*Asks:* 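Here's a structure for you.
Quantities reported herein were computed from a predicted structural model and do not represent experimental measurements.
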Amino acid sequence: MADVTDQNLIRAYVRGRCEQSFGELVHRHVDLVHSTALRVVRDASLAEDVTQRVFLALARHSANLQERSSLTGWLHETARNLAINTVRGKNAADGENRRQPP
């Protein structure tokens, strides 16, 4: 599948929910998504959670993404945004825990 474009893979996934096509997209981009998340959250476990959420978002929004010329940019931006939101949520939860009396 190395000669098949991301755009063709996402179209195949949208048309027939082709798991093989989606799996190839994950295989191609998981390192980019994970490293982007890890740079922001600085925690391997949280980065894995963000990575899973990015690919869930890809599955949900695949119909809207099939005409994009570059999927890489969308994946990077989505990973970064979800990672930032994860850090914000973690910081807010940590702040709440510090405010509560023992």
Side-chain angles (χ1 to χ4, degrees):
M1 280 200 165
D3 57 335
V4 180
T5 66
D6 288 350
Q7 194 174 34
N8 287 338
L9 289 170
I10 203 156
R11 283 183 184 148
Y13 177 70
V14 168
R15 273 191 250 120
R17 292 293 178 211
C18 178
E19 296 294 326
Q20 185 179 7
S21 295
F22 193 82
E24 178 63 21
L25 287 168
V26 171
H27 176 75
R28 288 181 184 185
H29 299 288
V30 70
D31 291 338
L32 166 81
V33 170
H34 187 266
S35 64
T36 300
L38 188 58
R39 275 192 298 275
V40 176
V41 299
R42 298 180 186 268
D43 177 282
S45 180
L46 286 176
E48 288 176 19
D49 292 344
V50 169
T51 300
Q52 288 181 359
R53 290 178 25 224
V54 169
F55 288 107
L56 286 171
L58 175 61
R60 274 195 305 270
H61 299 290
S62 58
N64 298 328
L65 297 170
Q66 59 185 330
E67 297 305 320
R68 281 184 80 104
S69 59
S70 173
L71 185 61
T72 305
W74 184 89
L75 289 167
H76 182 269
E77 181 180 353
T78 303
R80 186 175 170 279
N81 289 340
L82 288 174
I84 289 168
N85 288 342
T86 298
V87 170
R88 285 181 184 152
K90 184 178 181 313
N91 288 344
D94 288 348
E96 283 296 317
N97 289 339
R98 278 180 268 171
R99 285 188 213 133
Q100 293 178 2

*Asks:* Do Q7 and L71 touch side chain to side chain, with heavy atoms closer than 4.5 Å?
*Replies:* no
*Asks:* For a quick test of reading the model, state the closest non-hydrogen atom pair linking V41 to A83 and the distance between them.
*Replies:*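 Taking V41 first and A83 second, the nearest heavy atoms are CG1-O, 3.7 Å.
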*Asks:* Can you tell me how far OG of S70 sits from CG of L65, rounded to the nearest 0.5 angstrom?
*Replies:*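 The CG atom of L65 sits 11.0 Å away from the OG atom of S70.
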*Asks:* Please collect all ring-ring contact (aromatic ring centres under 6.0 Å, His included) contacts where either partner lies in residues 4-50, sequence neighbours excluded, each pair once.
*Replies:* Y13-F22
*Asks:* When you look at CZ of R17, are more than 12 heavy atoms from neighbouring residues, nucleotides or ligands closer to it than 6.0 Å?
*Replies:* yes
*Asks:* side-chain hydrogen bond (donor to acceptor under 3.5 Å, both in side chains) with S69: which residues, sequence neighbours excluded?
*Replies:* none
*Asks:* What are the two closest heavy atoms between F55 and L75, and how far apart are they?
*Replies:*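 Closest pair (atom of F55, atom of L75, distance): CE2-CD2, 4.3 Å.
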*Asks:* Would you give the length of the straight line joining atom CH2 of W74 to atom CG of N64, rounded to the nearest 0.5 angstrom?
*Replies:* 9.5 Å
*Asks:* Out of curiosity, does V14 fall in the hydrophobic cluster containing L9 (side-chain heavy atoms, cut-off under 4.5 Å, transitive links)?
*Replies:* no
*Asks:* Sort out for me which residue in T36, N81, V33, V54 forms a side chain to side chain contact (heavy atoms under 4.5 Å, CB included) with H76.
*Replies:*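 Of T36, N81, V33, V54, side chain to side chain contact (heavy atoms under 4.5 Å, CB included) with H76 is met by T36 alone.
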*Asks:* Are L56 and V26 connected in a single hydrophobic cluster, I mean Ile/Leu/Val/Met/Phe/Trp/Tyr linked by side-chain heavy atoms less than 4.5 Å apart?
*Replies:*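 No, separate clusters.
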*Asks:* Check whether any side-chain heavy atom of R88 lies under 4.5 Å from a side-chain heavy atom of I84, and answer yes or no.
*Replies:* yes
*Asks:* From S21 OG over to D6 CG, what is the distance, rounded to the nearest 0.5 angstrom?
*Replies:* 11.0 Å
*Asks:* So which pairs with a foot in residues 63-77 pass salt bridge (charged side-chain N to carboxylate O under 4.0 Å, His left out), sequence neighbours left out?
*Replies:* R11-E67
*Asks:* Between A57 and T78, which heavy-atom pair has the shortest distance, and what is it?
*Replies:*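 Reported closest heavy-atom pair: CB-CG2, 4.4 Å.
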*Asks:* Listed by chain and number, what are the side-chain hydrogen bond (donor to acceptor under 3.5 Å, both in side chains) partners of E24, not counting sequence neighbours?
*Replies:*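 side-chain hydrogen bond (donor to acceptor under 3.5 Å, both in side chains) list for E24, sorted by chain: R28.
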*Asks:* Answer yes if V4 and L32 sit in the same cluster of Ile, Leu, Val, Met, Phe, Trp and Tyr residues linked by side chain heavy atoms under 4.5 Å apart, and no otherwise.
*Replies:*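 In one cluster: no.
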*Asks:* If Ile, Leu, Val, Met, Phe, Trp and Tyr residues are connected whenever their side-chain heavy atoms lie under 4.5 Å apart, and connections chain through other members, are L38 and V87 in the same group?
*Replies:* no
*Asks:* According to side-chain hydrogen bond (donor to acceptor under 3.5 Å, both in side chains), does anything in residues 44-61 pair up with another residue at least two apart or in another chain? List the pairs.
*Replies:*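 Those involving residues 44-61 are R53-T86.
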